[in-house]
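Accompanying notes for the structure given below.
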Amino acid sequence: MKKCNNQSLGVSMSKIRLRFAPSPTGYLHIGGARTALFNWLLAKKLGGTFILRIEDTDVARSTQVSVDAILQGMEWLGLDWDEGPFYQSDNFPLYKEKVQQLLAEGKAYKCYCTAEALEAKREAALKSGGKPKYDGTCRNLNDTPEDKPFVIRFKAPLDGVTVFNDLIKGSISFNNEELDDLIIQRTDGTPTYNFVVVVDDASMGITTVIRGDDHVNNTPRQVLLYQALGAPVPQFAHVPMILGSDKARLSKRHGATSVIAYRDMGLLPEAMINYLVRLGWSSGDEEIFSKEELVEKFTIEAVGKSAGVFNPEKLLWLNAHYIKAGDPERLAELLLPFLADRGITARPAQPDLVNVVKTLQERSKTMLEMADGALFYYKTELEYDQEAVQKNVKPESSGYLKSLSAALSTADKFDHESIESVFKGVCADLGIKMGQIGPAVRIALSGGTVSPSIYEVMEVLGKEETCRRLDLATARFTAAQG
RNA sequence: GGUCCCAUCGUCUAGUGGUUAGGACACCGGCCUUUCACGUCGGCAGCAGGGGUUCAAGUCCCCUUGGGAUCACCA
């Protein structure tokens, strides 16, 4: 067992509390899933608490559909939470109270500037090369026009430096003069994001905030807010972004970005977890990690600082690995919906799906591929690949198939070994080599030139069905050759 | 543009002053083989550039370049 460093020891002793706080304005995407995973892993590793909080203060953009999609994504990945889901929309009274507190303490003020005026000033500043920050017009207003609409701004310090030690990126500092007086309550009385996050993280006792890189610039404002509220400042860990192959931020252009879309493409959740964690984190030269191993080995300090490019090929490789290593019974269950999409709506009795899966595990990169590969087993009437027939079926093929079928039908056992020995016996009797009969047999059994091993297919199909397909092909090949 | 962050093969990464710069995906070739795969063996390929510090720099410092994030009454 490795020694803990002081930092993680300190965290674990104070019972770490983490949260994942997505906003319900879309599905759970790759980046969010990884952030959730890192939170989950650290909570599990340190015996802490993982909280799910839905950031729905933007009532206009938040939807229940998105909430459901996020929950579904979390569930698929197996990222369960200890508390929540909490909804920020349930906490409006608390935010109101905290705003009043800051107002009473002179740490916030009412601002009567209109959005239009602000926008104009911002544009002017930008045009003249200045900074587009709030100019502080209402900061020291004496006469307050009570009848006009207003927002409430946080009175940020004008000078000094705000520093925080990021668990991933190290020390990050900002000059306070770069920060302006951010709005904490809108004209309509609803609170804004930066304020709400702080109030919630403080009231929920969050000790460590793991979130996307895109929040680093918000962090100094939030630190200031914690201080103004008299709350302890949590530790921060900003995980780098995930980029597309063009090094631009991952988006729809780069293919599916919802984790559920990957499920529908035939990915296994353990492959997704494994891929996501390795994108930005590593443990020596290891590539394959079970969740249990991750819980044991993961540390937030080992997460890399730089953005990573999403690589679908590697994801696919991991998926192929987990399919190969997976439990056939479970894979059979997971295969059902993909078969249903292909017209096999009920779980077929014959041939046994688990046996079918076993023949396909080593040759499927996705469950979707596996479903495609499984189809021929369940077709009563195969369509032969014409090109394959032309190339591989010779005038003598029908005779070979007939002999094979006859020999097979008298076999007392029908396992891999006995099938092989009968097969070889037939070849010897006919004085031919495997290559002279193999392709035609494969077409007879599967309809094409690509399938699992012939012996395996025969075994799974069973004697009766094997002979039926062989006989059927004999007839059809004969007919085709006239 | 301001601010903040980042920089090892095409990609994900190991590396914490002394290494023939390691692994993985992808790619290429050999082997295995009744097909497709799996597997296996081998190959290609990298420290962005420039200055320092040091006996010694991928590793420390500075600059340049490049990339990203962010500058809302969104989150």
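Naming: A, B, ... by sequence-line order, numbering from 1 per chain. Everything numeric in this text was worked out from a predicted model, so none of it was measured.
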(message) Distance alone, cut at 3.5 Å: any donor-acceptor contact between the side chains of Thr25(A) and Arg61(A)?
(response) no
(message) Would you say CD of Glu387(A) has more than 12 non-hydrogen atoms from neighbouring residues, nucleotides or ligands within 6.0 angstrom?
(response) no
Under 3.5 Å, which N/O atoms of the protein pair with N/O atoms of nucleotides 59-63 of chain B?
none

(message) Please tell me if Arg221(A) has a side-chain N or O lying less than 4.0 Å from either OP1 or OP2 of A75(B).
(response) no
(message) Just the rounded figure in Å: distance from C1' of C73(B) to CG of Asn194(A).
(response) 13 Å
(request) Would you kindly check whether a donor in the side chain of Glu287(A) faces an acceptor in the base of G23(B), or vice versa, at under 3.5 angstrom? (result) yes
(message) Say we look at A14(B) and A72(B): how far apart would their C1' atoms be, to the nearest angstrom?
(response) 42 Å
(request) Would you mind reading off the distance between Glu178(A) atom CD and G1(B) atom P, rounded to a whole angstrom? (result) 16 Å
(message) Checking base pairs now: Watson-Crick or wobble, both atom distances under 3.5 Å. What partners U16(B)?
(response) none
(message) Between A24(B) and U8(B), how many Å separate the two C1' atoms, rounded to a whole number?
(response) 15 Å
(message) Can you tell me whether the base of C38(B) sits syn or anti, using the 90° cut around 0 to define syn?
(response) syn
(request) Output yes when at least one side-chain N/O atom of Thr25(A) is less than 4.0 Å from OP1 or OP2 of A75(B), else no. (result) no
(message) Using a strict threshold of under 4.0 Å (side-chain N to carboxylate O), is an ion pair present between Lys314(A) and Glu287(A)?
(response) yes
(request) Give none if G66(B) has no partner; otherwise give the nucleotide forming a Watson-Crick or G-U wobble pair with it, both distances under 3.5 Å. (result) C6(B)
(request) Specify the separation, in whole Å, of atom CD1 of Ile168(A) and atom P of A7(B). (result) 13 Å
(message) Taking the C1' atom in each of C25(B) and U20(B), what is the distance between them to the nearest angstrom?
(response) 24 Å
(message) Tell me which nucleotide, if any, is Watson-Crick or G-U wobble paired with G1(B) when both distances must be under 3.5 Å.
(response) C71(B)
(request) Choose from U70(B), U3(B), A75(B) the nucleotide whose nearest atom is closest to any side-chain atom of Phe174(A). (result) U3(B)
(request) Taking only the side-chain heavy atoms of Ser23(A) (C-beta and beyond), determine which of C12(B), C73(B), A75(B) contains the nearest atom. (result) A75(B)
(message) Expressed as a whole number of angstroms, how long is the span from His29(A):NE2 to A75(B):P?
(response) 15 Å
(request) Hey, which sits more toward the 5' end of RNA chain B by its nearest nucleotide, Arg34(A) or Asn218(A)? (result) Arg34(A)
(request) Respond yes when some side-chain nitrogen or oxygen of Lys169(A) is under 4.0 Å from OP1 or OP2 of C4(B), and no when none is. (result) no
(request) Write down the distance separating the C1' atoms in C12(B) and A26(B), rounded off to the nearest Å. (result) 11 Å
(request) Give a yes or no on whether a salt bridge exists between Arg19(A) and Asp200(A), defined as a side-chain N under 4.0 angstrom from a carboxylate O. (result) no
(request) Could you work out which one of C6(B), U70(B), C73(B) sits closest to the side chain of Thr187(A)? (result) C73(B)
(request) Could you tell me whether the side chain of Ser89(A) and the main chain of Asp56(A) form a donor-acceptor pair under 3.5 Å? (result) no
(message) Expressed as a whole number of angstroms, how long is the span from Glu119(A):CD to A72(B):C1'?
(response) 8 Å
(message) Could you tell me how far G50(B) sits from U13(B) if I compare only their C1' atoms? Round to whole Å.
(response) 27 Å
(request) Would you indicate what Val151(A) reaches in the nucleic acid, counting non-hydrogen atoms under 4.0 angstrom: base, sugar-phosphate, or nothing? (result) base
(request) Please state the P separation for the pair A57(B) and G1(B) - nearest whole angstrom. (result) 35 Å
(request) Answer with base, sugar-phosphate or nothing: what part of the nucleic acid does Thr57(A) contact at a heavy-atom distance below 4.0 Å? (result) sugar-phosphate
(message) Counting neighbours of NZ on Lys402(A) that are heavy atoms of other residues, nucleotides or ligands and sit closer than 6.0 Å, is the number greater than 12?
(response) no
(message) I'd like to know whether the aromatic ring centres of Phe20(A) and Trp81(A) sit less than 6.0 Å apart in this structure.
(response) no
(message) If only side-chain N and O atoms count, and only distance matters, is there a donor-acceptor pair under 3.5 Å linking Thr192(A) with Asn194(A)?
(response) no
(request) To the nearest Å, give me how far apart CG (Asn165(A)) and C1' (C5(B)) are. (result) 15 Å
(message) Whole angstroms only, please: what is the CD1-P distance between Ile288(A) and G23(B)?
(response) 17 Å
(message) Considering every strand and a 4.0 Å limit on heavy-atom distances, what is the contact class for Cys427(A): base, sugar-phosphate, or nothing?
(response) nothing
(message) Can you tell me if Asp188(A) has over 12 outside heavy atoms packed within less than 6.0 Å of its CG?
(response) yes
(message) So if I define the base as every atom that isn't primed, P, OP1 or OP2, how would nucleotides 25-40 of chain B read as a B/S/- string at a heavy-atom cutoff under 4.0 Å?
(response) SS-------BBBBSS-
(message) Rounded at 0.5 Å granularity, tell me how far CG in Leu445(A) sits from CD in Glu465(A).
(response) 9.0 Å
(message) Using atom P in both nucleotides, what's the gap between G10(B) and C47(B) to the nearest angstrom?
(response) 8 Å
(message) Between A75(B) and G15(B), how many Å separate the two P atoms, rounded to a whole number?
(response) 39 Å
(request) Quick one: pull up CD in Glu459(A) and OG in Ser418(A) and give me the separation to the nearest 0.5 Å. (result) 7.5 Å
(request) Answer with yes or no whether the side chains of Lys98(A) and Ser203(A) bring together a donor and an acceptor at under 3.5 Å. (result) no
(request) Would you kindly give the CG-to-P distance between Asp285(A) and U13(B), to the nearest whole Å? (result) 14 Å
(message) Salt bridge or not between Arg221(A) and Asp180(A)? Use side-chain N to carboxylate O under 4.0 Å.
(response) yes
(message) Tell me whether the ring of His238(A) lies stacked over the A69(B) base, given a 5.5 Å limit on centroids and a 30° limit on the plane angle.
(response) no
(message) My understanding is that a pair needs two contacts under 3.5 Å, Watson-Crick or G-U wobble. By that rule, which nucleotide pairs with G42(B)?
(response) C28(B)
(request) Sort out the partner of A21(B) for me: Watson-Crick or G-U wobble, both distances under 3.5 Å, none otherwise. (result) none
(message) Could you tell me the Watson-Crick or G-U partner of U54(B), where both distances fall under 3.5 Å? Say none if there is no partner.
(response) none
(request) With a 3.5 angstrom cut-off on both distances, give the Watson-Crick or G-U wobble partner of U34(B), or none if there isn't one. (result) none
(message) Need to verify one output field. Residue with the more 5' nearest nucleotide on RNA chain B, Asp246(A) or Gly304(A)?
(response) Gly304(A)
